[in-house]
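As structure tokens, the structure follows; a few thoughts come after it.
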Amino acid sequence: MPQYTPPVRDTRFVLEHVVGLSRHANVPGFAAATPDTVDAVLEEGGRFVAEVLFPINQSGDQEGCTRHEDGSVTTPAGFKEAYKQFVESGWGTLSAPEQFGGQGMPHVISTAFQEYMISANMAFAMYPGLAHGAIAALVAKGSPEQQEKYLPKMVSGEWGGTMNLTEPQCGTDLGLIRTRAEPQGDGSYKITGTKIFISAGEHDLTDNIIHLVLAKTPGAPDSSKGISLFVVPKVMVNDDGSLGERNAVSCGSIEHKMGIHGNATCVLNYDGATGWLVGEEMKGLAAMFIMMNAARLGVGLQGLAVGETAFQNAVQYAEDRRQGRALTGAAEPEEKADTLFVHPDVRRMLMNGKAWLEGLRALCLWGALQVDLEHNAEDEAARQEAADLIGLLTPVIKGVGTDKGYQIATDAQQVYGGHGYIQEWGMEQYVRDARIAMIYEGTNGVQAMDLVGRKLAMNGGRAIQLFFKIVAQECAAAKSGPAADLATRLEKALGELQAATMWFMGNISNPNNIGAGAVPYMHLLGVVSVGLMWLRMAVAAAALKDAGEGDAAFLEAKLVTARFFAERVLPEAGAYRRQIEGGAEALMALPPEMFRAA
């Protein structure tokens, strides 16, 4: 049977030495994030997910969700009871605004808890996760009346939330949506259309679900510029806050998916459902992007979190399973075989997983800090810098985080050999669950195109230049210390990134060259970004070790893993640059018929 232990010690290390919580005590919300409070969130939150959510992960996958003839959906056994405990314990309110019943903690703290929750049960975590995105959109764009009516019970977890974009004929190109919104003369609209792939679209965990739906009003341009956003409750809400009649939205079916079976991914039919405009008419895409950007960071966290659980189990299996002998001779002559840990290729997979997971954890939490600073830093310049950084890194956290999370899950499955392919061991579920994260909230290719086609050039390249400056300064500072080799190698990787960026600038007139190099560039930026995180962790670990502070074995493991990243991962930067500079000519040369079998 699979197992999971929340990596509390590693999270603490990152929060202290990469995020630097104590340095931001003057930022609104951070004063409450005292060391004792943070420790309590990590320890108690980790205990909750390990004891309540993880035990129903595998069974929830095997049972799945059930749609009934009346269109209602029930979640797997144990989900409803676990959700009740989740709400009663207040875990969903950690970083929600205090004015609507939240605890007002920094986003970076709730991100740490969310990692644990996703690792324990990704399908379950998606129910409150979708609601958090809807909350963010209503906080930013909802009218005071909409906020008062919906947010308190959404924040408490009594009501759920969703985002409705995709339609059968319309995926990434949202200008193709056909859902219509007809004004009724009283401020409301009748929403008619079909939405697909709606995570948490119908379920039995909450009394109401607040859907945020993209649709077009009469006369709107037949493009993305004509899209508006509407709030459409599953059950109508009376003026006194009580629930009224059922709205005309129903679950037509549950998608038959490769993974995340415990989450109800629905086809939703809107048959003249009553909804209200959120924000300005034909400005809906900008409002929805508030949800989408939050979701993209959350999906990057999913890559990390599922990879973490798969990795932990692979480590345990490699310690227990005996197969063959070490290449240098029997490691344990008294046994008939050595453990898998003696084999270099098994070590390669596990070290690669450890290096990327710990680096991505640092990057996700540092990214979450930028979200906090963007909204709450007292200095306008600090808010601008944070906004630039998180805008630049969101495609990287989503795209690289999920690509690597899936790779780590499949490597963990490989460590198990044949047992990794068998359901009872749990590894095949993690591979299936991890796969979706590379697809939704914009496929990773779309993330890469957003990065190179939009983010690099924004504001004259201000964000990427800021990133270059940060990495260069920290490399220069570390080159005279114990992390000098890592700093030197990271500096070289930064040079590859800068050269690739300049190559893009010289190829603006050839869009196919930009498109062909987008994914390698995203991964090149990912290597350098995670390399920066490892430089910070190595510098901190070396300082603590020299001072005789902290757990010596933990710190030594950090330093060895940092060395592994420097020697085995940072050299990939050069290969990515060469791929980028290869251009698009060979990629685009063959006509479609030449891809077919003879």
Side-chain angles (χ1 to χ4, degrees), residues 111 118 122 126 129-130 133 136 163 165-166 170-175 197 199 224 285-286 288-307 356 359-360 363-364 366-368 370-371 374 387-409 433-458 461 463-464 467 497 500-501 504 511-530 532-533 572-573 576-577 579-580 584 587:
T111 297
I118 297 165
M122 176 175 166
M126 289 172 66
L130 267 297
M163 53 193 295
L165 293 81
T166 309
C170 164
T172 301
D173 188 355
L174 292 172
F197 305 159
S199 301
S224 61
L285 203 53
M288 183 62 85
F289 262 108
I290 295 170
M291 286 188 72
M292 291 175 68
N293 283 329
R296 286 169 177 172
L297 293 172
V299 172
L301 200 63
Q302 287 179 339
L304 160 65
V306 177
W356 273 106
L360 285 169
L363 185 62
C364 285
W366 188 59
Q370 306 314 309
V371 174
E374 176 187 2
D388 286 346
L389 286 172
I390 195 57
L392 177 74
L393 293 175
T394 292
V396 176
I397 290 172
K398 195 282 183 183
V400 177
T402 58
D403 276 354
K404 293 302 179 183
Y406 179 71
Q407 177 192 344
I408 291 163
D433 285 355
R435 188 62 186 85
I436 184 57
M438 302 162 71
I439 297 173
Y440 57 18
E441 303 313 328
T443 64
N444 288 354
V446 170
Q447 301 300 319
M449 282 302 298
D450 175 53
L451 173 63
V452 302
R454 205 165 65 88
K455 298 294 178 62
L456 286 185
M458 285 180 65
I464 192 66
F467 180 79
L497 177 63
T501 306
F504 274 143
N512 280 342
N513 276 350
I514 305 299
V519 168
Y521 186 89
M522 178 180 72
H523 280 277
L524 172 52
L525 181 53
V527 165
V528 176
S529 300
V530 174
L532 175 63
M533 299 300 104
E572 294 175 6
Y576 284 130
R577 175 189 169 187
Q579 288 179 36
I580 292 164
L587 191 71

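Heads up: numbering here begins at 1 and tracks the sequence.
- Here the straight-line distance linking atom CG of L297 with atom CD1 of I397 works out to 5.5 Å at 0.5 Å rounding.
- Here L524 contributes atom CG and T501 contributes atom OG1; the two are 7.5 Å apart, rounded to the nearest 0.5 Å.
- In terms of heavy atoms, V306 sits closest to A434 at CG1-CB, 3.9 Å.
- You'll find the side chain of T172 stays beyond 4.5 Å of the side chain of M449, heavy atoms only.
- Looking at V527 and W356, their side chains come closer than 4.5 Å, going by heavy atoms from C-beta outward.
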Point to revise | Chi angles and distances behind the ring-ring contact (aromatic ring centres under 6.0 Å, His included) call for Y440, F197 | key: CA-CA 9 Å; Y440 57 18; F197 305 159; 9.9 Å; no
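- Taking each heavy atom of T111 and L301 in turn, the nearest pair found is O-CD2, 3.6 Å.
- I436 and D433 get closest at one heavy-atom pair: CG2-O, 3.2 Å.
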Exercise for review: For side chain to side chain contact (heavy atoms under 4.5 Å, CB included), just list the numbers for V519 and N444, CA-CA rounded to whole Å, side-chain angles, deciding distance to a tenth of an Å, and then say yes or no.
Suggested key: CA-CA 8 Å; V519 168; N444 288 354; over 6 Å; no
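- If you take CG on L587 and CD on Q579, they are separated by 11.0 Å, rounding to the nearest 0.5 Å.
- Considering every non-hydrogen atom in both P520 and I580, the closest pair reads CB-CG1, 3.7 Å.
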Point to revise | Steps toward side chain to side chain contact (heavy atoms under 4.5 Å, CB included) verdict (L392, L451) | key: CA-CA 7 Å; L392 177 74; L451 173 63; 3.8 Å; yes
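- Taking CE from M522 and CD from Q447, the interatomic distance works out to 7.5 Å, rounded to the nearest 0.5 Å.
- Contact detail for S529 and L393: the closest heavy-atom pair is OG-CD2, 3.5 Å.
- Between I408 and G307, the shortest heavy-atom distance links the atoms CG2-O, 3.6 Å.
- For the atom pair NZ of K404 and CG of L304, the computed distance is 14.0 Å after rounding to the nearest 0.5 Å.
- The number of heavy-atom neighbours closer than 6.0 Å to CZ of F467, taken from other residues, nucleotides and ligands shown, is above 12.
- A donor-acceptor contact shorter than 3.5 Å is absent between the side chain of D388 and the backbone of A463.
- Sorted by first and then second residue, the pairs that involve residues 437-455 and meet salt bridge (charged side-chain N to carboxylate O under 4.0 Å, His left out), not counting sequence neighbours, are D450-R454, D450-K455.
- Of the possible donor and acceptor atoms, none in the side chain of Q302 sits under 3.5 Å from a partner among the backbone N and O of G298.
- Note that CG of L456 is 8.5 Å distant from CD1 of I514, once rounded to the nearest 0.5 Å.
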